[in-house]
Number of protein chains: 2
Amino acid sequence: MPDVKHFEPDAVLDQVVRLFWERGAEVTGIAEIVRATGLSRSSLYATFGGKERLQAAALRRYLERQSRPVFDALAADQRGLPAVDGFFERLVAARCTGKHARWGCLVTNAHTGAAREVPEIREVLDAHHGALRAAMRAALRSARELGQTRPGLDLDACSENLALLAYGVNLRSRAGAEPAELLAGVRAVLDGFAHTEER
Amino acid sequence: MPDVKHFEPDAVLDQVVRLFWERGAEVTGIAEIVRATGLSRSSLYATFGGKERLQAAALRRYLERQSRPVFDALAADQRGLPAVDGFFERLVAARCTGKHARWGCLVTNAHTGAAREVPEIREVLDAHHGALRAAMRAALRSARELGQTRPGLDLDACSENLALLAYGVNLRSRAGAEPAELLAGVRAVLDGFAHTEER
DNA sequence: CTTATCTTGGACCGGCCGTTCCAAGATAAG
DNA sequence: CTTATCTTGGAACGGCCGGTCCAAGATAAG
């Protein structure tokens, strides 16, 4: 009997992700979301709840649609260190060029905002970190099995290191860092994970 | 003939730094600054200009009073890799415990905000990055002169790497990361810079 | 076609935003 | 003590904030 929604929530959420990602969630007002999506405030609030819930939903979506595929590809890539190197090469390229240039990473950006203390949002930040670190660990394990790594390499510590490094890249890219600098910074650590003799 | 200021601008700026650092510049209103400092809006605007100028001044002050002394100590510390290790140990401790726990770094936090595009503010972000990287480079040069580093280490790339890593630590600390995880992530890279045989 | 139910547009809420302005107050030179 | 100059308190500005509300509209079951 009831009426149905006159829009696709998924498509709307994608537009919200774009707004929050490029401009920042904190400085993007409800009015701007209404304007960009064409929705009315009523539909927005009925579908997503308030702004905090909307931001949490946007973060979850970003994680699943933007981050997860890349993380999964990294975890599945069995080339070892070249897989990690390729990940960072594509990361730097995506952060510094193309249509998302200088946007940074939505989840990385959320770390500094006031919303980081909201449990529903903190969960996404931690899930993102866990997924990134796990993907790094899988790639490093492949590297070890291929005999690419120096003896005694602590996979947990190294994957945490690379995850933290990715945040640094994301952050600095948003402030205009040079791709060459970022890449050099990345490769310095991969050299250290490899056999000294080989490089 | 004229009247003089009835307050100390330096002391006020310190209070502003504290507010922007803990809560975030974007969500700290002028009213809150007026309340915390006891100044009137008139004095605030006459002394510092608008909010953007105030944020730039706060960032410059943070860099000089908080970051620079630590960077200088790192650059002057001639112990080599232990100096770098000590820097990160103190960094993680400061970010996760004590009165500034979970505040992150004011400059790091500013990377994600809308103000990052303001030239006066971008300059501080770049100056901070340059100073951090230079300090890392000096410490690594000492390490090399002490024979602590593996052959062929690229000091520029490695110092950039450590600087990016510091941003990662600052960022994740603000979202509640565990000190042990952060430290493990740091040490993984230092191991890679050293002679493989020694560790 | 009626009816029950959900959706939609958009007016409206109190409150805060950063900023401006001016009269009153404080200062120190003459 | 007068006077010129700067500072100060605080009212006021238009505008945007996130959120609520309700009448009008759309839908599909009966």
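Note on naming: letters A, B, ... go to the chains in the order of the sequence lines (proteins, then strands), and numbering restarts at 1 for each one.
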[X] has an atom [atom1]; how far is it from atom [atom2] of [N], in whole Å?
X     : N      : atom1 : atom2 : answer
B:R41 : D:dA11 : CZ    : P     : 11 Å
A:E32 : D:dC17 : CD    : C1'   : 13 Å
B:D3  : C:dA23 : CG    : P     : 18 Å
B:I30 : D:dG15 : CD1   : P     : 19 Å
B:Y45 : D:dC6  : OH    : C1'   : 20 Å
A:R53 : D:dG18 : CZ    : P     : 17 Å
B:K5  : C:dA26 : NZ    : P     : 17 Å
A:R35 : C:dG9  : CZ    : P     : 16 Å

Find the partner of [N]: check Watson-Crick (N1-N3 plus N6-O4 or O6-N4) and G-U wobble (N1-O2, O6-N3) distances, both under 3.5 Å, and reply none if neither fits.
N      : answer
D:dC16 : C:dG15
D:dG30 : C:dC1
C:dG10 : D:dC21

Query - DNA chain C: 5'-proximal contact among B:V4 and B:G50 (nearest heavy atom) - result: B:G50
Step through the shown structure and confirm whether more than 12 heavy atoms of other residues, nucleotides or ligands are within 6.0 Å of [atom1] on [X].
X      : atom1 : answer
A:E64  : CD    : yes
B:R122 : CZ    : yes
B:E120 : CD    : yes

Requested in this report: Spell out yes or no: do the side chain of A:S40 and the base of C:dG10 have one donor N/O and one acceptor N/O closer than 3.5 Å?
Outcome: no
Query raised in the report: Looking only at N and O atoms, is any donor in the side chain of A:S43 or the base of C:dG9 less than 3.5 Å from an acceptor on the other one?
Result: no
Query raised in the report: Hey, which of these two, B:L39 or A:A25, hits DNA chain D nearer its 5' end, going by closest nucleotide?
Result: B:L39
Query raised in the report: Counting any heavy atom closer than 4.0 Å, what does B:T47 reach on the DNA or RNA strands: base, sugar-phosphate only, or nothing?
Result: nothing
Requested in this report: State which of D:dG19, C:dA26, D:dT5 makes the closest approach to the side chain of B:P2.
Outcome: D:dT5
Query raised in the report: Less than 6.0 Å separating the ring centroids of A:Y167 and A:H129?
Result: yes
Report summary line: Result for salt bridge (Lys or Arg N to Asp or Glu O under 4.0 Å) between B:E32 and one of B:R41, B:R23, B:R18 points to B:R23
